[in-house]
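These notes are about the structure you will find just below.
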Amino acid sequence: MRTYLVGGAVRDKLLKQPIAERDWVVVGASENQMESLGYRRVGRDFPVYLHPQTGEEYALARTERKSGHGYGGFEVYAREDVSLEQDLQRRDLTINAMAESESGKLIDPFNGCVDLQARLLRHVSPAFAEDPLRILRVARFAARYHHLGFTVAAPTMALMRQIVAAGEVQHLVADRVWKEVSRALVEPAPDVFIRVLRDCGALAVLLPEVDRLFGVPQPSTHHPEIDTGEHVLRALCKAPASLTVRFAVLVHDLGKGVTPAAMLPSHRGHERSGLPLVRSVCTRMKVPKKITALALSVCEYHLHCHKAFELRPQTLFKLLLAVDALRQPRRFEQFLQACEADARGRQGFEDRAYPQVRYLRAVRVVAVDVQASTLSAKGYAGAALGQALARERVKAIDELKKTYRARL
């Protein structure tokens, strides 16, 4: 029985990057032997165990054989006679197919070190094509290591295009796709993830609503970058590394992809026309409810945020209610972050001030400061209390607006 540190921990150690977690491969051991040593099995599809002291994952060396479509269509063989090299050969990229022995010796049968130095994401073997989920993994690694100069090797990109053309991507299950998308969107360069998927054709299969945005023109006065898809990628890069915020930014302009050609480059009403598209994406990909809720709010009301100084007090109050700002201040902050990323995701506007955020925060504060208890003490109750509360909050917003108007 021999154990080896494998995969990402070895890769990131060589790159001098922070190591998030350590995975191990065990060669020459049986399932009974692992259990007798106190390891607890957690793998459902193949033998993976948790170390009794460290809790780190130890997997028996294994080989896989394609037996169906998609991510789960494999037959797994994990026995004592599987070698370390056989286990490494089934991995996706050469930079992930390295191991380190207990004595610290590097095992690199597929020249992962060479590709690390060349800053290339290259597939290990033709078996890469057996798992379409690897397309999303490659795109995610491209987004993670873009700042280090990594790119997808030309032969690997060609193979990814072949996988898409063969229809394999269509067989991926929603939860696996969402897992990769959710991890990729919080990487340092989320735009690179989308670009790689688009370059190989997978974006048109997995997120056709986003793919459709590229090439769609916008008025150059407000969007000097013109292309809607390019604007979305610029906005993604301006958003904080929050999955909830970045997903909302990714889908906020989906309505522009269905604007009638006769209306272009205008997109009047795209906020409303985008709502069913956002719902469709979220349903198809099984996006969590809280993330879906913000995405819908940003899609429908991002222009309200941009035009905040032009809105009447009543409309500002309705905006607060619509995005649930009074009850959920954290989500309101996320709404503001997404809208600011949208505003800054325009060529030449990257560093321009966006005072709407401070203004709308102040609008929320004065509205919340009007308490129902104060009005109850004055004799209001039931429906009359609700009406009086809304009326007083609008009045408070009006007073704030006058103050801001005097400053501007």
Side-chain angles (χ1 to χ4, degrees), residues 218-219 221-223 231 235 245 248-249 251-256 259 263 266-276 278 293-346 349 352-376 378 380-408:
Q218 303 170 105
T221 304
H222 301 293
H223 286 277
H231 160 63
V245 174
V249 172
V251 300
H252 81 281
D253 266 350
L254 292 188
K256 292 182 178 179
T259 298
M263 285 181 57
S266 173
H267 293 279
R268 188 174 292 106
H270 75 277
E271 317 95 285
R272 289 283 183 179
S273 60
L275 290 175
V278 174
L294 183 70
L296 289 168
S297 292
V298 174
C299 176
E300 186 170 6
Y301 295 106
H302 62 277
L303 291 188
H304 281 64
C305 186
H306 300 334
K307 298 177 180 179
F309 292 109
E310 304 169 27
L311 302 181
R312 296 179 303 163
Q314 294 90 338
T315 307
L316 286 168
F317 180 60
K318 288 179 181 178
L319 174 63
L320 294 182
L321 296 179
V323 301
D324 208 8
L326 303 180
R327 297 190 310 162
Q328 299 193 55
R330 182 172 178 273
R331 202 179 97 180
F332 185 53
E333 279 298 312
Q334 293 174 326
F335 171 80
L336 296 176
Q337 289 172 348
C339 293
E340 183 170 6
D342 176 34
R344 294 183 184 278
R346 298 176 292 164
F349 289 75
R352 186 169 296 190
Y354 191 70
Q356 290 90 331
V357 167
R358 177 179 291 184
Y359 178 52
L360 287 174
R361 283 176 183 156
V363 168
R364 180 190 176 276
V365 168
V366 297
V368 170
D369 282 347
V370 179
Q371 296 292 315
S373 57
T374 304
L375 296 174
S376 296
K378 294 180 179 180
Y380 289 99
L385 174 61
Q387 294 167 2
L389 184 61
R391 187 168 55 250
E392 291 302 313
R393 283 175 167 171
V394 170
K395 188 183 297 183
I397 294 172
D398 188 29
E399 290 300 317
L400 174 72
K401 187 175 178 65
K402 292 174 183 176
T403 302
Y404 257 81
R405 186 179 299 153
R407 294 179 191 172
L408 295 175

**Request:** Would you please name every residue forming a salt bridge (charged side-chain N to carboxylate O under 4.0 Å, His left out) with Glu271, sequence neighbours left out?
**Result:** none

**Request:** Give the intermediate values and the outcome of side chain to side chain contact (heavy atoms under 4.5 Å, CB included) for residues Val298 and Val251.
**Result:** CA-CA 9 Å; Val298 174; Val251 300; over 6 Å; no

**Prompt:** Taking the six-membered ring for Trp, is the centroid-to-centroid distance between His302 and His270 below 6.0 Å?
**Reply:** yes

**Prompt:** Okay, side chain of Arg344, backbone of Arg352: is any donor-acceptor separation there less than 3.5 Å?
**Reply:** yes

**Sidechain-backbone polar pair: Arg393 side chain, Ala390 backbone, donor-acceptor under 3.5 Å** = no

**Fill in**
By side-chain contact (heavy atoms from CB on, under 4.5 Å), Ala322 pairs with (sequence neighbours left out) Tyr301

**Message:** Using the side-chain contact (heavy atoms from CB on, under 4.5 Å) criterion, which residues pair with Ala341? Sequence neighbours excluded.
**Reply:** Lys238, Ala239, Val249

**Item:** Pairs touching residues 318-327 that satisfy side chain to side chain donor-acceptor pair (under 3.5 Å), sequence neighbours left out
**Value:** Asp324-Arg327, Asp324-Gln328

Extract all donor-acceptor atom pairs below 3.5 Å that involve side chains of residues 303-313 and protein atoms in other chains or at least two apart in sequence.
residue: His306; atom: ND1; partner: Tyr354; partner atom: OH; Å: 2.7
residue: His306; atom: NE2; partner: Asp342; partner atom: OD2; Å: 2.7

**Request:** Kindly write out the residues that satisfy side chain to side chain donor-acceptor pair (under 3.5 Å) with Glu333, not counting sequence neighbours, or none if the list is empty.
**Result:** Arg361

**Request:** Could you tell me how the ring of His231 sits relative to the ring of His252: parallel (under 30°), tilted (30 to 60°) or perpendicular (over 60°)?
**Result:** perpendicular

**Item:** CG on Asp398 to OG1 on Thr403, rounded to 0.5 Å
**Value:** 9.5 Å

**Spacing of Thr259 atom OG1 and Gln218 atom CD [to the nearest 0.5 Å]** = 9.5 Å

**Prompt:** Is Glu392 close to Leu375 at the side-chain level, that is, under 4.5 Å between some pair of heavy atoms?
**Reply:** yes

**Pair Val365-Asp369, side chain to side chain contact (heavy atoms under 4.5 Å, CB included): steps then yes or no** = CA-CA 6 Å; Val365 168; Asp369 282 347; 3.7 Å; yes

